[in-house]
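Any value given below was found using the heavy atoms of this structure, including those in side chains, with hydrogens, waters and symmetry copies removed. Predicted, not measured: the structure shown is a model, and the values here were computed from it. So you know, we letter chains A, B, ... as the sequences are listed, proteins then strands, and number each from 1.
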Protein chains: 2
Amino acid sequence: MALEHAILVSLAEQAATGYDLARRFDASIGYFWRASHQQIYKTLARMEADGWVSATIEPREGTADKKTYAITDAGREELTRFSAEPSPREALRSDFAVKLRGLADVAAIVEDTRRRRADHVERLDRYEASAKRHYPDPAAIEEHERGAYLALRGGILSERTGIAWCDEILGQLETRSER
Amino acid sequence: MALEHAILVSLAEQAATGYDLARRFDASIGYFWRASHQQIYKTLARMEADGWVSATIEPREGTADKKTYAITDAGREELTRFSAEPSPREALRSDFAVKLRGLADVAAIVEDTRRRRADHVERLDRYEASAKRHYPDPAAIEEHERGAYLALRGGILSERTGIAWCDEILGQLETRSER
DNA sequence: AGTCGCATGTAAGTTGTTACATGATTAC
DNA sequence: GTAATCATGTAACAACTTACATGCGACT
């Protein structure tokens with residue numbers, strides 16, 4: 001259950017509303033963890049009950065109050081505790097690999113692989129643009145940003161591998177499906 | 001919900017009991033999809049109700065009947081339908097990346113990264129041994145095994161990338177944590 | 001006598017998804 | 001006026017995890 005921890009990491013950098021967090025989960029943090037706003041609101045409520053975050057309430061008329069969440073000392077402690085515990089190996093779950101393994105409809109898989117490749121390219125571009133903008137000189141990275149940089153590097157390496165895999169698949173299947 | 005489809009792919013190759021499937025999910029298919037035996041039994045029951053699989057029952061005294069499942073025509077149809085539908089991009093969820101991004105405890109992350117690297121190496125070895133055993137000559141792969149081969153290639157590429165990433169992380173963090 | 005492999009499940013709880021629902025403010 | 005952005009949620013459902021539970025047969 002690392003959504004809580006992803007939120008803590010994000011709030012440790014900067015306090016935010018649930019809405020802000022949802023946007024962050026569509027961008028930076030979202031490179032490694034996806035979450036819907038519904039999930040985020042639910043989790044924030046639990047985290048507040050646990051004392052890991054505290055909310056500053058700005059009352060608004062006619063609609064629900066705006067709540068800005070900040071990490072508490074207990075939250076920071078929990079983050080340290082989480083950081084020190086070994087991470088479980090990710091349960092990998094790939095619809096695509098299952099489909100590929102079955103290989104029931106070559107033309108459909110070729111099409112799917114092309115779509116997948118385009119998606120990898122798009123994300124790689126995004127990551128590389130982000131790397132260029134935030135870390136133009138990898139030798140000059142400051143300690144506080146090293147984690148984010150290394151995480152981004154992971155994203156870049158993994159997208160490149162995704163593209164290479166798609167190319168290998170297409171190389172072997174394309175000629176067969178176009179007859 | 002592709003557990004059903006992973007099971008269909010597996011049963012299309014060979015009929016099996018829930019127990020057999022659970023073991024396959026610890027090995028071959030398990031490279032791309034993890035599932036516990038509890039989950040598998042539950043899903044098989046639903047799939048039988050949906051008519052995608054049929055069970056041959058071997059009654060046993062004193063304990064639950066043994067059920068061997070086989071894919072039905074409806075199951076094969078569903079597999080084709082699933083195969084033709086575009087696969088959703090995987091929601092990537094990495095505790096490790098979240099932790100890295102937070103970078104709260106460098107020594108702990110270095111340790112975690114080493115463990116992770118060893119795990120990648122072990123899996124890569126397993127995949128490469130499997131590739132060597134089943135596909136000694138990549139040029140001579142038969143059509144019916146091409147999907148499994150390409151899926152395995154994906155596993156190999158991804159483990160190699162995982163190792164490269166760990167090495168990059170260790171290269172940047174190791175010296176810092178050992179002072 | 002005890003562990004391992006085979007074989008089947010139930011129950012309770014957590015997490016995540018999808019659909020639904022509301023309302024203010026700002027830009028075109 | 002209408003669409004986008006900001007902002008917060010509820011409800012129902014589906015999927016997955018963890019703990020518990022049983023029992024046979026073979027081997028040691």
Side-chain angles (χ1 to χ4, degrees), chain A residues 1-8 14-27 29-30 32-50 53 55-69 82 87-95 98, chain B residues 1-7 11 14-27 29-30 32-50 53 55-69 82 87-95 98:
Chain A
M1 183 183 34
L3 173 54
E4 299 178 348
H5 300 111
I7 289 175
L8 285 177
Q14 172 86 59
T17 64
Y19 185 87
D20 292 334
L21 284 168
R23 275 188 317 171
R24 290 187 200 167
F25 276 88
D26 276 338
I29 310 276
F32 330 110
W33 203 274
R34 299 247 123 225
S36 61
H37 70 105
Q38 293 94 329
Q39 188 67 15
I40 289 166
Y41 285 119
K42 217 188 298 181
T43 305
L44 277 172
R46 193 173 58 227
M47 290 169 76
E48 197 186 1
D50 289 344
V53 298
T56 309
I57 291 163
E58 180 190 316
R60 292 180 303 174
E61 269 167 55
T63 190
D65 294 348
K66 177 173 170 174
K67 296 176 198 159
T68 303
Y69 290 93
F82 164 73
S87 11
R89 65 210 219 41
E90 273 93 52
L92 85 87
R93 288 197 159 143
S94 168
D95 274 59
V98 166
Chain B
M1 185 183 35
L3 172 54
E4 300 177 348
H5 300 111
I7 289 176
L11 290 182
Q14 171 86 58
T17 64
Y19 185 86
D20 293 333
L21 283 169
R23 275 187 318 170
R24 290 186 200 168
F25 276 88
D26 277 338
I29 309 276
F32 329 109
W33 203 275
R34 300 247 123 225
S36 62
H37 71 103
Q38 293 94 330
Q39 188 67 16
I40 288 166
Y41 285 121
K42 217 187 297 178
T43 305
L44 277 172
R46 192 173 58 228
M47 290 169 76
E48 197 186 2
D50 289 345
V53 298
T56 309
I57 292 164
E58 180 190 317
R60 292 179 305 174
E61 270 168 55
T63 189
D65 295 348
K66 176 173 171 174
K67 296 176 200 159
T68 303
Y69 291 92
F82 164 73
S87 12
R89 64 210 222 44
E90 273 94 52
L92 84 88
R93 288 200 158 139
S94 168
D95 274 59
V98 166

Heavy atoms only: give me the nearest [X]-[Y] pair and the separation to one decimal.
| X | Y | answer |
| --- | --- | --- |
| Pro59(B) | Asp65(B) | CA-OD1, 3.5 Å |
| Ala15(A) | Arg24(A) | O-NH2, 3.5 Å |
| Pro88(B) | Asp95(A) | CD-OD2, 4.3 Å |
| Leu11(B) | Tyr69(B) | CD2-O, 3.6 Å |
| Ile40(A) | Ala22(A) | CD1-CA, 3.5 Å |
| Phe25(A) | Trp33(A) | CD2-O, 3.2 Å |

Among [options], the one nearest [X] by side-chain distance:
| X | options | answer |
| --- | --- | --- |
| Lys67(A) | dG9(D), dG9(C), dC16(D) | dG9(D) |
| Arg46(B) | dG9(D), dG9(C), dA15(D) | dA15(D) |
| Ser36(B) | dG9(D), dT17(D), dG16(C) | dT17(D) |

Inset, instruction - Using heavy atoms and a sub-4.0 Å distance, could you list which residues of residues 15-25 of chain A are near DNA chain D? By number, please. - result: Thr17(A), Gly18(A), Tyr19(A), Asp20(A), Arg23(A)
Inset, instruction - Considering only NZ, NE, NH1 and NH2 on the basic side and carboxylate oxygens on the acidic side, decide whether Arg23(A) and Asp26(A) come within less than 4.0 Å. - result: no
Inset, instruction - Identify, between Thr68(B) and Ala35(A), the residue whose nearest nucleotide on DNA chain C lies closer to the 5' end. - result: Thr68(B)
Distance check needed: [N] [atom2] versus [X] [atom1], whole Å only.
| X | N | atom1 | atom2 | answer |
| --- | --- | --- | --- | --- |
| Leu44(B) | dT10(C) | CG | C1' | 16 Å |
| Ile57(B) | dT8(C) | CD1 | P | 11 Å |
| Ile40(A) | dG9(D) | CD1 | C1' | 13 Å |
| His5(B) | dA15(D) | NE2 | P | 11 Å |
| Glu58(A) | dC6(D) | CD | P | 15 Å |
| Glu4(B) | dA15(D) | CD | P | 7 Å |
| Ile7(A) | dT15(C) | CD1 | P | 12 Å |
| Gln39(B) | dT15(C) | CD | P | 16 Å |

Legend entry - Rounded distance [0.5 Å steps], CD in Gln39(A) versus CG in Leu44(A): 10.5 Å
Is the phosphate of [N], meaning OP1 or OP2, less than 4.0 Å from a side-chain N or O of [X]?
| X | N | value |
| --- | --- | --- |
| Tyr41(B) | dG9(C) | no |
| Lys42(B) | dA14(D) | no |
| Arg34(A) | dG16(C) | no |

Legend entry - Audit row: Met47(A), Leu8(A), side-chain contact (heavy atoms from CB on, under 4.5 Å) steps and yes/no: CA-CA 9 Å; Met47(A) 290 169 76; Leu8(A) 285 177; 3.6 Å; yes
Legend entry - Intermediate values then yes/no, side-chain contact (heavy atoms from CB on, under 4.5 Å), Lys66(B) and Thr17(B): CA-CA 7 Å; Lys66(B) 176 173 171 174; Thr17(B) 64; 3.7 Å; yes
Close N/O contacts between protein and nucleotides 19-24 of chain C (under 3.5 Å):
from	atom 1	to	atom 2	distance (Å)
dA19(C)	N6	Gln38(A)	NE2	2.9

